[in-house]
Protein chains: 2
Amino acid sequence: MTDLRPGDASLVRKVNTQVTLRALRREGVATLTQLGRITGLSRQTVEAVLDELGERGWVREVPPDGGVMGRPARRFGFRADAGHVVGVDVSGDRVVVTLADLNGEVVACERVPVAAGAPAPERLDVARRACLACVDGAGVARTRVWALAAGTSGIVDRSGRVSLSLTLPGWTGVDLAGIAGRWFGCTALAANDANLAALAEHWRGSAQHASDVVYILAGHRLGAGILIGGRLHPGRSGAAGEIGTLRQVGWEEAATSLVKEGSAEEVFAGAVAGDRAALRAVDRYAENLAIGASALVLAVDPDLLVIGGAYSQAGDVLLAPLRRHLAELCLSGPEVVTSTFGDDGVALGAVRLALDRVERDVLGL
Amino acid sequence: MTDLRPGDASLVRKVNTQVTLRALRREGVATLTQLGRITGLSRQTVEAVLDELGERGWVREVPPDGGVMGRPARRFGFRADAGHVVGVDVSGDRVVVTLADLNGEVVACERVPVAAGAPAPERLDVARRACLACVDGAGVARTRVWALAAGTSGIVDRSGRVSLSLTLPGWTGVDLAGIAGRWFGCTALAANDANLAALAEHWRGSAQHASDVVYILAGHRLGAGILIGGRLHPGRSGAAGEIGTLRQVGWEEAATSLVKEGSAEEVFAGAVAGDRAALRAVDRYAENLAIGASALVLAVDPDLLVIGGAYSQAGDVLLAPLRRHLAELCLSGPEVVTSTFGDDGVALGAVRLALDRVERDVLGL
DNA sequence: TCACTTACGAGACCTCTTTCCATAAGTTTC
DNA sequence: GAAACTTATGGAAAGAGGTCTCGTAAGTGA
C-alpha cells in the first residue's frame with residue numbers, strides 16, 4: 001500500500017509546484033497566464049510558485065515576446081541545464097556514455113572501445129574516464145551531474161551490484177552502482193542492459209504507447225527486459241526475463257545454430273538475398289527465439305514485444321518467421337516490432353532511469 | 001505518468017480524510033487523541049474529519065471506555081457494515097459466494113454445486129441465485145452491495161468478458177462482469193480464478209509479505225496468476241501466466257501423467273505412505289510442474305511462488321520434489337510455499353478485488 | 001473533598017488559494 | 001499624436017484548512 005502522510009497547507013503548494021513544473025516542462029516557455037490556463041491554477045499562484053522555483057534555480061525568466069497585442073507578458077522557461085544526468089552502457093567490447101539535461105535532451109555522447117577480456121578494474125576505469133571526459137567535454141561542471149545510471153549485461157540486483165555475469169571477466173560481484181556513485185559523488189543506479197533498452201523504447205522509441213513491454217535483445221547473446229505499467233520490472237533479484245538458463249527454451253542453441261553457417265551478418269545478408277540455406281538458418285534461429293519469447297509473452301502477456309540487439313537490424317527477414325513461429329506458440333500474441341535504438345538504447349534507457357530518480361527525489365513526488 | 005491535478009485547500013482535507021480513515025480502519029475503534037497521534041494530525045483536525053465522515057455514514061461514535069484515568073474520551077469506530085462486497089467463484093462444479101463487509105470480514109458464505117456440463121445460462125443463473133441467497137440470508141439489503149467481483153477459470157479480458165474457456169461449456173464470450181453487475185446494480189468485475197487466488201494469498205494468506213507473487217493452481221487443470229507490486233497483473237488480454245499452452249513446458253502431460261496411476265488423491269496418499277510407484281509418479285508430476293513454473297519464475301522473478309489448488313494439500317510430498325526440480329532449472333529461485341486457502345481463495349480474492357475498487361472509487365484516492 | 005489525569009472546545013494565527021479591481025504597458029485606429 | 005482597445009501586473013480582501021495554546025470539563029484515586 002501507498003503509505004499516505006497527512007498534509008497541511010504546504011502540501012497544496014507542493015502539489016501545485018509539481019503541476020506547474022510539469023506544465024512548464026511540456027511547454028518549454030510560457031507566460032503566467034498561459035500556465036494558469038493549462039494548470040487550472042490562478043495566475044497569482046503560478047507567479048508565487050515560479051518565484052520560488054526561480055530562487056531555487058529551476059526556472060528562468062526569458063525576455064518577453066513582442067509583436068502581440070496588449071501588454072507583453074513575462075515569460076518563463078524551465079532551466080533544463082540546471083542539472084544533468086549520465087547514462088552509461090558498459091558492455092562486452094565498449095562503453096557508451098550519454099549526457100543529458102533535465103529535459104532528457106542528449107547533450108553529449110562518448111563511445112570508447114574496451115577489450116573483451118579486460119578485467120573488471122580496467123573496465124571500470126575505462127567507464128569512469130569516459131564519463132568524466134563526456135561531462136568535461138560538454139562543458140558541464142561535474143557537480144552538476146545529479147544522477148547516473150549504468151547498464152550492463154548480467155544480473156544486477158536491487159542495490160545495483162552485479163550478482164552474476166557470465167560474459168564479462170571478473171564482473172560478478174562488482175558493486176557497479178556504488179562505484180559509479182563516487183565518480184561524480186551523486187546518486188547512482190545500475191540495471192540490466194536489456195531492461196534499460198526496454199525503457200528507452202518506451203520513452204522515445206517503438207514502445208511509446210505500450211504499457212507492458214517485453215524487450216528481447218537478440219545479438220551475440222540473448223537477453224530480455226520487462227516493463228510493467230511503463231516501469232522497470234527487475235524482479236526480486238534483478239533476474240526477471242533471464243529465461244536463457246531454461247534448457248527447454250533453447251536460447252543457448254539459438255545463437256550457435258546461427259553462426260554455424262558463417263558469421264551472423266553473412267547469414268542475414270544471405271537471407272535477404274534469398275539464399276535458401278541462409279533462410280533456413282534464420283528460420284531455425286527464429287524458431288528457437290520464439291520458444292523463449294513465447295514463454296515470456298505467455299507469462300507477462302505484454303502489449304508489445306520489441307526485438308532489439310544487433311540482429312534486429314535484419315528487420316523483416318528475422319521478424320517474419322519470428323511472428324509466424326510465435327503465432328503458433330501463443331494463441332493471441334502481442335504486436336512484434338523492432339527496436340528504434342538498437343544497442344544505443346541501453347545508454348538512453350540509463351538516462352531515463354537516472355532522470356526518473358531525479359524527478360522523484362529532487363523535483364519531489 | 002500520473003496526471004496530477006492542481007490542488008486547493010480541499011485537497012488537504014481529502015488527504016487527511018484518507019489518512020484518518022485508514023488509521024481508523026486499522027485500529028477498529030479509537031479516540032480522537034489516539035488517531036491524532038497515529039496520523040500525525042492535530043486532534044482538532046481529526047475531529048473535523050470524523051464529523052464529516054459521521055454525516056456520510058462511514059463512522060459511528062461508540063460509548064466511551066470507562067475504567068481509565070481522566071476524562072473519558074469520545075471513541076469512534078469505522079462502520080464496516082455501511083456497505084458490503086460480494087466475491088464469487090464460478091468454477092467447473094460449484095459456485096462459491098462470499099459476502100464481506102467493508103473491513104473485509106466475511107459475513108456469509110454460500111456454496112452451491114453446479115453440473116460440470118451445465119450450459120452458460122444455467123451456470124449464470126445458479127451463480128445469481130447463490131449471490132442473492134447469500135446476501136438476503138445475511139440480512140444485508142441488496143442496495144448495500146457496493147461492488148461484486150467474480151472469478152472463473154479461463155481467460156478474462158480487461159472488460160470482464162470471458163474471452164476463452166476450454167473447460168466450461170458455452171462460457172467463451174460470456175460478459176461475466178456485465179451480467180453480474182445487473183444482479184445488484186453495482187459495479188462488477190471479473191478476473192481469472194488463479195489471479196484472484198493469488199490476491200487472496202497476498203491479502204491474508206501465505207504471500208502477505210511478498211510484493212511480486214506467482215501463484216500456481218495445481219489441480220485437475222493447471223493455471224497461474226501473477227501479482228506485481230501486490231497488484232493483479234492480468235496482462236493485455238487477461239492471459240498473463242497462461243503458460244499451459246506452451247508445449248515445451250508440458251503442463252498438458254503433467255495432469256495426465258499423475259492420474260495414470262489411479263486417482264490423484266490415491267497417488268498422493270500412496271506417496272505419503274511411502275509407496276515407490278506413487279512417489280515416482282509424484283516426482284514426475286513435480287518435474288513437469290517445475291518446467292512451467294520455472295518459465296514463469298524466470299520471466300517474473302517473483303519474491304514468492306505459491307502452490308495452490310487441490311493438489312497443494314499434499315504438502316511436502318509434492319513441494320519437496322518441486323523445490324528440487326525448480327532449483328535445477330532456476331539458479332536462484334524464490335521461496336516456495338503452499339497456499340493458505342486452497343480453492344476457497346478464489347472467492348476471497350474476488351472480495352479483495354471488489355474491496356479495492358470500493359476503496360478507490362468510494363473512499364476516494 | 002482535593003489532587004491528578006485526560007479530553008474537550010474556543011480563539012488566535014499561519015499558509016495557500018481565489019476573486020476583484022485598479023494600474024501598467026503595449027497595439028491599433030482615427 | 002491622442003484615444004480606444006487588449007493583455008498583463010500587483011495588491012487587497014476573503015475563504016478554507018490546519019496547528020497551537022489555554023482555559024474548562026469530566027473522570028479516577030486518596
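Since we're looking at a predicted model, the values are computed, not measured. Below, read A as the first sequence line, B as the second, and so on, with proteins coming before strands; counting in each chain starts at 1. Atom set for the values below is all heavy atoms of this structure, side chains included, hydrogens, waters and symmetry mates excluded.
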B/V49, B/T45, B/V15 screened by side-chain contact (heavy atoms from CB on, under 4.5 Å) with B/T20, the one that passes: B/V49
Whole-Å gap separating C1' (D/dG18) and CZ (A/R5): 17 Å
Under-4.0 Å salt bridge between A/R352 and A/E359: yes
Nearest-Å distance, CD (A/E47) to P (D/dA8)? 13 Å
State whether A/E105 and A/R204 are salt-bridged, where the test is any N-O pair (Lys NZ or Arg NE/NH1/NH2 against Asp/Glu carboxylate O) under 4.0 Å. yes
What is the separation between atom CZ on B/R74 and atom P on D/dA25, rounded to the nearest whole Å? 17 Å
Tell me: CG of B/D51 to P of C/dA10, nearest whole Å? 11 Å
Spacing of A/R71 atom CZ relative to C/dT28 atom C1', expressed in whole Å: 19 Å
Figure out the CZ/P separation between A/R75 and D/dT7, and round it to whole Å. 17 Å
Taking only side-chain nitrogens and oxygens of A/R13, does any of them come within less than 4.0 Å of OP1 or OP2 of C/dT17? yes
Does the D/dG11 base have a donor-acceptor partner in the side chain of A/Q44 within less than 3.5 Å? yes
State whether B/N16 places a side-chain N or O below 4.0 Å from either non-bridging phosphate oxygen (OP1 or OP2) of D/dG17. no
Test log, rule salt bridge (charged side-chain N to carboxylate O under 4.0 Å, His left out), inputs B/D51 and B/R56: CA-CA 9 Å; B/D51 272 357; B/R56 272 199 267 165; over 6 Å; no
Nearest-nucleotide pick for A/A73, side chain only, options being D/dA8, D/dG18, D/dA26: D/dA8
Can you see if the side chain of A/T45 gets near the phosphate of C/dC16 - specifically, an N or O under 4.0 Å from OP1 or OP2? no
Ignoring hydrogens and geometry beyond distance, is the side chain of B/R43 in donor-acceptor contact with the base of C/dG9 at under 3.5 Å? yes
Between B/K14 and A/F76, which is nearer to the 5' end of DNA chain D once each is assigned its nearest nucleotide? A/F76
Out of D/dG17, C/dG26, C/dC8, which has the shortest distance to the side chain of B/A9? D/dG17
Can you identify which nucleotide, out of D/dG18, D/dG17, D/dA26, has its nearest atom closest to the B/P72 side chain? D/dA26
Could you check whether A/D8 pairs with A/R13 (Lys NZ or Arg NE/NH1/NH2 to Asp/Glu carboxylate O, under 4.0 Å)? no
Rounded to whole angstrom units, what separation is found between the CG atom of A/L11 and the P atom of C/dT17? 10 Å
I need the CG-C1' distance between A/L35 and D/dT9, as an integer number of Å. 15 Å
